[in-house]
Chemist: 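Submitted below is the structure of interest, expressed as structure tokens.
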Amino acid sequence: MRFAIFSDVHANLEALEAVLEDAHEHHCTHFVCLGDVVGYNANPHECVKRVRDVDCPIVKGNHDEQASLIESSRDFNELAERAIQWTRDHLTAEDKMWLRDLRLQRAVRDFTIVHATLDTPARWGYVFNNLDAAASFTYQHTTVCFFGHTHIPMAFIRHDGVRRVSTELLRIETGKKYFINTGSVGQPRDGNWRAAYCIYDVENNIIEQRRVKYKVATAQNKIIKAGLPPLLAERLAIGR
Ligand code: ZN
């Protein structure tokens with residue numbers, strides 16, 4: 001059983017298709033989405049449809065929530081807000097209903113998935129350091145939990161304290177807990193423009209980080225054509 005675990009697609013259809021293709025090539029049998037299917041990029045409806053077609057377990061992200069509201073709750077910065085207003089106008093009523101009804105956190109097989117944090121998932125806090133991770137670990141009842149939201153791949157282990165480790169290849173050991181950010185498919189922010197996701201090989205207890213090239217120029221052109229802020233196109237090429 002091999003899970004492809006992906007997060008923060010953010011309406012980037014080119015990146016999503018590239019990740020799904022890579023996952024199939026690497027013999028993934030199951031898929032899991034950590035939320036923020038929409039927001040920022042130019043294909044919100046298409047990405048909702050594609051993720052729904054995959055028919056995988058999914059949790060709600062803050063952009064999914066904002067897109068499904070009639071009016072914003074003033075949580076977003078100006079760039080995100082402009083994009084989310086555009087997004088609302090380009091989703092169907094059914095898309096919004098589907099996004100609105102997503103759960104904040106759930107169990108998949110023997111692991112947990114959440115978009116932001118396990119301690120206060122509805123508050124959309126960010127996990128960047130050991131202290132942030134420690135708060136989530138308090139509420140983590142499974143060995144492994146996957147999260148997203150920061151768009152930066154990182155992993156924390158709790159075993160006699162919490163420490164951050166490299167995400168490239170993780171071997172899951174008994175007696176330890178793992179809180180793992182898969183990075184972002186549609187808007188990476190770690191200085192690497194390639195789409196990020198993880199493969200969880202359950203039988204072999206291995207989690208592997210993958211980066212996938214996609215047609216970034218196509219995604220950028222769509223953003224410009226849609227009249228979305230040009231900065232949203234520029235950042236894709238530099239992974240910021
Ligand atoms: Zn996001």
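Just so you know, ligand 1 is whichever comes first in the structure, and atom 1 is the first atom listed for that ligand.
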Chemist: Does the gap between the ring centers of Phe179 and Phe146 come in under 6.0 Å?
Modeler: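 Distance test on ring centres: not under 6.0 Å, no.
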
Chemist: Centre-to-centre under 6.0 Å for Phe147 and His115, is that the case here?
Modeler: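 No.
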
Chemist: How many protein atoms of type N/O/S are positioned less than 2.8 Å from the Zn ion (ligand 1)?
Modeler: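 Atoms of protein N, O or S type lying less than 2.8 Å from the Zn ion (ligand 1) total 4.
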
Chemist: Do Phe3 and Phe111 make the cut of ring centroids closer than 6.0 angstrom?
Modeler: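 So the answer is yes for these two rings.
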
Chemist: Would you say the ring centers of Tyr200 and His30 fall short of 6.0 Å from each other?
Modeler: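 For Tyr200 and His30, the ring centres are not under 6.0 Å apart.
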
Chemist: Listing request: all side-chain hydrogen bond (donor to acceptor under 3.5 Å, both in side chains) pairs with a residue in residues 76-90, at least two apart in sequence or in separate chains.
Modeler: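 Residue pairs with at least one partner in residues 76-90: Ser72-Glu81, Ser72-Arg88, Glu81-Gln85.
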
Chemist: Quick check, are the ring centers of His151 and Tyr126 under 6.0 angstrom apart?
Modeler: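 Judged by ring-centre distance (under 6.0 Å), His151 and Tyr126 do not meet the cut-off.
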
